[in-house]
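The first residue in the sequence is number 1, and the count goes up from there. Atoms within a ligand are numbered from 1 in the order they appear, just like the ligands themselves.
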Amino acid sequence: MYRLYDDPISGNGYKVRLALAQLRIDYRYHALDVLRGETRQPTFLTKNPLGKIPVLETPDGRFLSESNAILWYLAGAHPAGRSFGPATPDEEYETLRWMFFEQYSHEPNIAVARFWRHLPEMSELQRKMLPERLEKGYQALAVMEKHLAGADYFVGNRYGIADIALYAYSHVAEEGGFDLSVYPALGAWLKRVARQPNHVAITDVPAAAGTAA
Ligand SMILES: N[C@@H](CCC(=O)N[C@@H](CS)C(=O)NCC(=O)O)C(=O)O
């Protein structure tokens, strides 16, 4: 059986929860609290030396990290996942392009702004850096809006892992202080993604299966 190590608040973890739910893959859920440093404990560092969730443990005992790499793995490793994955070299390129965009231009701004605003108190440095994160986050959202003005999904005009990767933090961007009302095509895409079969919400967290580490 798969095991997912995650923090319920994490959008990176949500990508994996959403994919597992939509692929109907059974798994055990192990909750960690990043704010309490639980991912930096020695037992967890044996699973991911970077000390970060999500980590997906495979039934044969391997520990997979990096949310978008896990999505890629699930799309390739499961017959049901193939419809979520790229079908041609061009689609492989497009899927990777959007997933790298998510990790470099989107997540570090939108997820980080959201995370900081969830903290009991922002540090002086975080307060100083927030406007730049917001500016760069808006640039990423504008790139998505431009694409979605001419397409229903990110790759191959069908729902897939690039949509899952980008949906995770886009749909909660308002929690980071972003105004999504200025992006009508993005708003329509968010609704389209939420209507996919077996969709689960970021707040639909499975019951935890005992100790996290
Ligand atoms: N690039 C990684 C980022 C993972 C990441 O930043 N995880 C955060 C939670 S969303 C974490 O575990 N932070 C705890 C820490 O750094 O101590 C991915 O996509 O999985």
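Taking the six-membered ring where tryptophan is involved, the planes of Tyr167 and His171 are essentially parallel, since the angle between them stays under 30° and well short of 60°.
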Show me the donor-acceptor pairs, under 3.5 Å and distance only, between side chains in residues 139-151 and residues at least two apart or in other chains.
unit_1: Glu145; atom_1: OE1; unit_2: Ala185; atom_2: N; d: 3.2
unit_1: Glu145; atom_1: OE1; unit_2: Leu186; atom_2: N; d: 2.8
unit_1: Glu145; atom_1: OE2; unit_2: Ala185; atom_2: N; d: 3.0
unit_1: His147; atom_1: NE2; unit_2: Tyr153; atom_2: O; d: 3.0
unit_1: His147; atom_1: NE2; unit_2: Phe154; atom_2: O; d: 3.4

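In summary, the side chains of Glu57 and Tyr2 do not present any donor paired with an acceptor at a separation below 3.5 Å, with no hydrogens or angles considered.
Looking at heavy atoms from C-beta onward, Met1 lies out of side-chain contact with Pro59 at the 4.5 angstrom threshold. When side chains are defined from C-beta on, Glu135 does not count as touching Tyr138, because their heavy atoms never get closer than 4.5 Å.
Every protein residue with a heavy atom nearer than 4.0 Å to ligand 1 is included here: Ser10, Asn12, Val34, Thr39, Arg40, Gly51, Lys52, Ile53, Pro54, Glu66, Ser67, Gln103, Tyr169.
The side chain to side chain contact (heavy atoms under 4.5 Å, CB included) with Asp33 is formed by just one residue from the set Thr39, Ile9, Asp7; it is Asp7.
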